[in-house]
Amino acid sequence: MSTVGNSTNIFWQESPIGKTERQKLLNQKGCVVWITGLSGSGKSTLACSLSRELNNRGKLSYILDGDNLRHGLNKDLGFKAEDRVENIRRVGEVAKLFADAGLICIASLISPYRKDRDACREMMQDSSFIEVFMNMSLQLCEARDPKGLYKLARAGKIKGFTGIDDPYESPLNCEIELKEKEGECPSPVAMAEEVISYLEDKGFLQNE
Ligand SMILES: Nc1ncnc2c1ncn2[C@@H]1O[C@H](COP(=O)(O)OS(=O)(=O)O)[C@@H](OP(=O)(O)O)[C@H]1O
Ligand SMILES: Nc1ncnc2c1ncn2[C@@H]1O[C@H](COP(=O)(O)OP(=O)(O)O)[C@@H](O)[C@H]1O
């Protein structure tokens, strides 16, 4: 019997089928590909491209997109620091469940605070948390501005916008860093292939 947070008198219920059996069924290993970066850096584009490429190879993935989750699970959260902390904690827990289900879980969130991303990494075992940093300049993201949010933030109509008047802490030890080369951004497919090579090298796309 345990007490966890505010939950008292709780018991852990074991499941008859374990992660190993699920992974065998899927011929892959569950993991979390955590994509972090500024708004407009290409997180969702990479997540979609990666999911498509994995699907083409017969690998099961699922995207947890920050914007989308804020339509449901996280609709009670805003963008002040404590809400962003809770947002990342919840998505980290959900991502852990998806990885435990044997899936390649692709989490795509700004996740601006290093401490929170590191806490998500700590939840996972066996190096199965793969942090991908979309290291695109604010200048590029702002020039893209597909939703017009930077424009609103610069005009003071959105307060606390990441990169403008709210912080973004770059990863120090991420597994994969994607950045502009000679002022050009690699194509979404090229970026997805870089992530897939990593997953292949580390054995996540097979199960012996
Ligand atoms: N103040 C502020 N700062 C940053 N982003 C904002 C803000 N307000 C709304 N949006 C929109 O919310 C999307 C980011 O949600 P996330 O859940 O990924 O953010 S966070 O990880 O909790 O920081 C983000 O989506 P992306 O552009 O895909 O990153 C924006 O569409
Ligand atoms: N690799 C890329 N090359 C060129 N344009 C891109 C690339 N990745 C994303 N974009 C464009 O940049 C904009 C922002 O991408 P998006 O994936 O929505 O970013 P985020 O999810 O980080 O906010 C979109 O208009 C998208 O089409």
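Whatever order the structure lists them in is the order used to number ligands and atoms, beginning at 1.
- The atoms of ligand 1 that sit less than 4.0 Å from any heavy atom of Pro112 are 21 (O), 23 (O).
- The protein non-hydrogen atom at the shortest distance from atom 27 (O) of ligand 1 is Ser39 OG, 2.6 Å.
- The distance criterion of under 3.5 Å between nitrogen or oxygen atoms is met by Gly40 with respect to ligand 2.
- Here's the thing with Ser108: none of its N/O atoms is less than 3.5 angstrom from an N/O atom of ligand 1.
- Residue-ligand proximity, Cys185 to ligand 2, at heavy-atom distances under 4.0 Å covers atoms 1 (N), 2 (C).
- Checked by atom type and distance alone, the side chain of Ser49 never pairs as donor or acceptor with a backbone atom of Thr45 at under 3.5 Å.
- When non-hydrogen atoms are compared, ligand 1 lies under 4.0 Å from the side chain of Asn87 (C-beta onward) but not from its backbone.
- Geometrically, Arg70 engages Phe79 in a cation-pi contact defined by less than 6.0 Å to the ring centre and at most 45° from the axis.
- Of the polar atoms of Ile158, none of the N or O atoms is found under 3.5 Å from an N or O of ligand 1, judged by distance alone.
- Using modelled atom types, no side-chain atom of Thr20 and backbone atom of Gly18 make a donor-acceptor pair closer than 3.5 Å.
- Regarding atom 29 (O) of ligand 1, its nearest protein heavy-atom neighbour is Lys43 NZ, 2.8 Å.
- At least one N or O atom of Ser41 sits closer than 3.5 Å to an N or O atom of ligand 2.
- Ligand-side atoms of ligand 2 in range of Met191: 1 (N), range being under 4.0 angstrom from any heavy atom.
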Check the pair Glu184, Lys181 against salt bridge (charged side-chain N to carboxylate O under 4.0 Å, His left out), reporting the backbone distance first and the verdict last. CA-CA 5 Å; Glu184 295 256 326; Lys181 287 173 193 139; over 6 Å; no
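- By the criterion of a heavy-atom distance under 4.0 Å, the side chain of Leu149, and not its backbone, is placed next to ligand 1.
- Checked by distance only, ligand 1 and Gly160 come closer than 3.5 Å through their nitrogen or oxygen atoms.
- Below 4.0 Å from some heavy atom of Gly66 lie the following atoms of ligand 1, by number and element: 17 (O), 18 (O).
- The distance criterion of under 3.5 Å between nitrogen or oxygen atoms is met by Pro186 with respect to ligand 2.
- Residue contacts with ligand 1, taken as heavy atom pairs separated by less than 4.0 Å, involve Phe79 solely via side-chain atoms from C-beta onward.
- For ligand 2, the polar-atom distance check finds an N/O of Thr45 within less than 3.5 Å of one of the ligand's N/O atoms.
- Near Leu109, meaning under 4.0 Å from any of its heavy atoms, are these atoms of ligand 1: 17 (O), 18 (O), 21 (O).
- Residues Tyr198 and Phe129 do not share a hydrophobic cluster, clusters being chains of Ile/Leu/Val/Met/Phe/Trp/Tyr side chains in contact below 4.5 Å.
- Taking a cut-off of under 4.0 Å to the non-hydrogen atoms of Ser39, the atoms of ligand 2 that pass are 23 (O).
- Heavy-atom separations between Leu38 and ligand 2 include at least one value shorter than 4.0 Å.
- Considering only non-hydrogen protein atoms, atom 21 (O) of ligand 2 sits nearest to Ser44 OG, 2.8 Å.
- Nearest protein heavy-atom neighbour of atom 13 (C) of ligand 1: Asp67 OD1, 3.5 Å.
- Lys59 places a side-chain N or O within 3.5 Å of a backbone atom of Asn27 that can act as its donor or acceptor partner.
- Arg144 NH2, 3.4 Å is the protein heavy atom nearest to atom 6 (C) of ligand 2.
- Pro146 CB, 3.7 Å is the protein heavy atom nearest to atom 25 (O) of ligand 2.
- Using a 4.0 Å cut-off between charged side-chain N and carboxylate O, Lys202 and Glu175 make no salt bridge.
- In this structure a side-chain-to-backbone donor-acceptor pair under 3.5 Å is missing from Asp83 to Leu77.
- In terms of N/O distances under 3.5 Å, ligand 2 is approached by Lys43.
- Contact annotation: the side chain of Met136 approaches that of Cys185 to within less than 4.5 Å [non-hydrogen atoms, C-beta and beyond].
- Looking only at protein heavy atoms, the nearest one to atom 21 (O) of ligand 1 is Ser111 N, 2.8 Å.
- No part of Leu69 comes within 4.0 Å of ligand 1, judged by heavy-atom distances.
- Asp165 contributes a side-chain N or O that, together with a main-chain N or O of Gly160, makes up a donor-acceptor pair within less than 3.5 Å.
- In the model, Tyr168 has a side-chain atom that pairs as donor or acceptor with a side-chain atom of Thr36 under 3.5 Å.
- In this structure, Trp34 and Ser111 approach most closely via the heavy-atom pair NE1-OG, 2.9 Å.
- Formation of a donor-acceptor pair under 3.5 Å by the Arg84 side chain with backbone atoms of Pro112 is not found in this model.
- Of the protein's non-hydrogen atoms, Arg84 NH1, 2.8 Å is the one closest to atom 23 (O) of ligand 1.
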Assess whether salt bridge (charged side-chain N to carboxylate O under 4.0 Å, His left out) is satisfied between Asp67 and Lys147, documenting all intermediate values. CA-CA 12 Å; Asp67 244 337; Lys147 304 172 199 157; 2.8 Å; yes
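- Distance alone, capped at 3.5 Å, is enough to place a donor-acceptor pair between the Glu180 side chain and the Ser137 backbone.
- In terms of protein heavy-atom proximity, atom 15 (O) of ligand 1 is closest to Arg70 NE, 3.4 Å.
- Judged by distance alone, the side chain of Ser128 and the main-chain N or O of Gln125 form a donor-acceptor pair under 3.5 Å.
- Remark: side-chain polar atoms of Lys19 are not paired, donor with acceptor, to backbone N or O of Gly102 under 3.5 angstrom.
- Nearest non-hydrogen protein atom to atom 14 (C) of ligand 1 is Ile110 CD1, 3.6 Å.
- Which parts of ligand 1 touch Ile88 is read off a 4.0 Å heavy-atom cut-off, strictly below it: atoms 21 (O).
- Given atom 19 (O) of ligand 2, the protein heavy atom at minimum distance is Gly42 N, 3.1 Å.
- Gln23 places a side-chain N or O within donor-acceptor distance of the main-chain N or O of Gly30, the cut-off being under 3.5 Å.
- Counting only heavy atoms of the protein, atom 31 (O) of ligand 1 lies nearest to Lys147 NZ, 2.9 Å.
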